[in-house]
Amino acid sequence: MTTTFTRRTALAVSAAALAVASFGPAAFAQDGETVNWRMQALWDGGTTPQKYEQMYVDRVAELTDGKFQIELFSAGQLVPPAQAFDAVRGGAFEMMKTFDGYEAGKIPALAFTSTIPFGYPESGQYSDWFYEKGGLEMAREAYAPAGLYYIAPMVYDQEPIHSKVKIESIEDFDGTKGRFVGLASSVMSDFGVAVSPLPTSEVYSALDKGLIDLADRGDLQANLDAGLSEVAPYIILPGVHQPTTATSYVANQGAYDKLPDAYKEALATAAKEVSDAYQAAKTESDASALEAFKEQGVEVIELSEDDVIAARTQAVESWRKATKDNDLATRILDSQVEQMQELGLIQ
């Protein structure tokens with residue numbers, strides 16, 4: 001029997017996971033000052049990811065006895081999403097949830113703190129890079145010249161590729177037209193894809209009209225809700241373009257510096273807890289969404305592990321080009337390649 005895992009049940013699972021994940025004292029602040037911030041997230045209002053951002057701000061308030069309140073806004077409510085970086089930098093509001101890859105053109109290092117195409121296949125491996133291999137410190141170094149402070153990532157596993165054409169090997173990507181963003185744009189281009197970095201909102205129509213053959217859009221549940229089964233009869237797994245992802249909590253440096261230490265700790269602790277909860281719920285929702293796609297007639301194609309491993313070795317050259325010879329970007333990539341070698345992912 002197939003159990004339907006809806007957005008509502010996903011939220012329930014995530015809440016349970018968050019309760020389990022919580023650690024440390026119930027609150028970090030006993031006599032701290034009252035602080036009010038505003039934060040714009042990546043997501044539209046009412047979506048499952050936006051509900052996790054509400055969990056985040058609620059948890060920060062809980063950890064500070066209600067004295068640190070963050071008012072949450074969905075994407076575009078305060079400024080257009082593409083302007084959030086400059087708005088937080090300029091102090092228009094204090095904090096954003098972002099995808100670092102959007103700013104990789106300005107700051108090459110951020111290409112590698114958001115996702116590594118053909119890179120880490122497990123979210124725990126990417127998380128370990130942040131928390132055990134110096135990734136957090138290097139991400140903060142990348143943002144610092146802009147007057148911004150990188151708090152922590154939310155790390156989760158693969159997003160699929162939805163396709164109008166049958167892709168049975170990495171070689172089959174050559175000659176196709178696809179939608180990808182961030183580092184995936186350049187890497188998939190090197191594998192022969194004619195890339196269009198379309199907005200998420202245009203993916204359905206672009207597939208429907210045949211403007212593109214295949215696309216990255218979001219996780220399986222979000223893509224199911226968007227009706228991609230109507231315009232793309234194939235799902236390609238693993239999502240080699242984005243095998244793991246990190247979205248980021250980023251604050252205005254001046255505002256962050258004024259916070260009591262306990263409030264800074266609350267921001268980081270809540271991020272890690274909510275990240276773990278989101279991944280736990282995503283594992284469940286991915287499985288049920290995939291079954292729903294199959295029931296709607298979508299064929300799921302699994303690329304061979306040997307093919308992906310061979311492509312990962314080839315992708316290293318694309319990663320190197322994306323550093324643009326920037327010192328910090330190179331140091332970040334060197335540390336990630338070293339970890340992948342330790343994990344046996346590349347030779």
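Side chains included, hydrogens not; waters and symmetry mates left out as well; all remaining heavy atoms used.
- A salt bridge between Arg320 and Glu317 is absent, with no side-chain N of the basic residue lying under 4.0 Å from a carboxylate O of the acidic one.
- The aromatic rings of Tyr156 and Tyr278 lie perpendicular to each other, with more than 60° between the two planes, well past the 30° mark.
- Hydrophobic clustering (ILVMFWY, side-chain heavy atoms < 4.5 Å, transitive): Phe180 and Val231 are in distinct clusters.
- Side chains of Thr176 and Ile167 form a contact here, defined as non-hydrogen atoms less than 4.5 Å apart.
- Scanning both residues, Ala270 and Val60, for their nearest heavy atoms gives CB-CG2, 3.7 Å.
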ask   = Can Ser205 and Glu202 be said to form a side chain to side chain donor-acceptor pair (under 3.5 Å), step by step?
value = CA-CA 6 Å; Ser205 61; Glu202 296 180 16; 5.9 Å; no
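- Neither side chain, Gln279 nor Ser275, offers a donor N or O lying under 3.5 Å from an acceptor on the other.
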request  = Begin from the C-alpha positions of Tyr143 and Asp100 and carry the test side chain to side chain donor-acceptor pair (under 3.5 Å) through to its verdict.
outcome  = CA-CA 10 Å; Tyr143 271 105; Asp100 293 350; 2.6 Å; yes
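- Nearest heavy atom pair, residue Pro108 against residue Lys324, reads CG-CD, 4.2 Å.
- Under 3.5 Å, the side chains of Tyr256 and Glu94 contain no donor-acceptor pair of N or O atoms.
- Taking the six-membered ring for Trp, Tyr249 and Tyr150 have ring centres at least 6.0 Å apart.
- Using a 4.5 Å heavy-atom cutoff, the side chains of Leu290 and Leu237 are in contact.
- Asn252 approaches Val88 most closely through the heavy-atom pair ND2-O, 2.9 Å.
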request  = Start with the C-alpha distance between Thr245 and Gln242, add both sets of side-chain angles, then the distance that settles side chain to side chain donor-acceptor pair (under 3.5 Å), and finish with yes or no.
outcome  = CA-CA 6 Å; Thr245 300; Gln242 200 165 320; 2.7 Å; yes
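- Taking the charged nitrogens against the carboxylate oxygens, Glu273 and Arg59 do have a contact shorter than 4.0 Å, which makes a salt bridge.
- In this structure, the side chain of Ser248 does not engage the main chain of Val250 through any donor-acceptor pair within 3.5 Å.
- In the model, Asp190 has a side-chain atom that pairs as donor or acceptor with a side-chain atom of Ser318 under 3.5 Å.
- When every heavy atom of Val240 is checked against every heavy atom of Pro243, the shortest pair comes out as O-CD, 3.4 Å.
- A donor-acceptor pair under 3.5 Å is formed between the side chain of Arg312 and the backbone N or O of Leu345.
- In this structure, Trp37 and Phe68 have perpendicular ring planes: the angle between them is above 60°, well past the 30° mark.
- Taking 4.5 Å as the limit, some side-chain heavy atom of Tyr126 sits within range of a side-chain heavy atom of Ile116.
- Residues Thr47 and Tyr52 have side chains not in contact (no heavy-atom distance under 4.5 Å, counting atoms from C-beta outward).
- Residues Phe73 and Phe93 have side chains not in contact (no heavy-atom distance under 4.5 Å, counting atoms from C-beta outward).
- For the pair Leu42 and Thr247, the minimum side-chain heavy-atom distance is below 4.5 Å.
- Side-chain atoms of Arg179 never come within 3.5 Å of backbone atoms of Ser196 as a donor-acceptor pair (strictly under, hydrogens ignored).
- The shortest non-hydrogen separation linking Ala292 to Leu224 is CB-CD2, 3.7 Å.
- Here the OG atom belonging to Ser74 is positioned 7.5 Å from the CD atom belonging to Gln40, to the nearest 0.5 angstrom.
- Linking Ile, Leu, Val, Met, Phe, Trp and Tyr residues whenever their side-chain heavy atoms come within less than 4.5 Å leaves Leu220 and Tyr204 in two separate clusters.
- Between Phe173 and Phe191, the distance separating the two ring centers is not shorter than 6.0 angstrom.
- Between Phe118 and the choices Ile170, Val316, Ile309, the side chain to side chain contact (heavy atoms under 4.5 Å, CB included) rule is met once, by Ile170.
- For the pair Ile70 and Leu267, the tightest heavy-atom approach, listed with the atom from each and the gap, is CD1-CD2, 3.8 Å.
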task = Could you please spell out the steps behind the side chain to side chain donor-acceptor pair (under 3.5 Å) verdict for Asp286 and Gln221?
result = CA-CA 6 Å; Asp286 276 359; Gln221 182 62 56; over 6 Å; no
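- Between Lys133 and Glu338, no side-chain nitrogen of the basic residue sits less than 4.0 Å from a carboxylate oxygen of the acidic one, so the salt-bridge criterion is not met.
- By the 4.0 Å N-to-carboxylate-O rule, Lys97 lies close enough to Glu53 to be salt-bridged with it.
- If you chain together hydrophobic residues whose side chains sit under 4.5 Å apart, Leu207 and Val300 never meet in one group.
- Between Asp219 and Lys282 there is no salt bridge, since none of the side-chain N atoms of the basic residue sits less than 4.0 Å from a carboxylate O of the acidic one.
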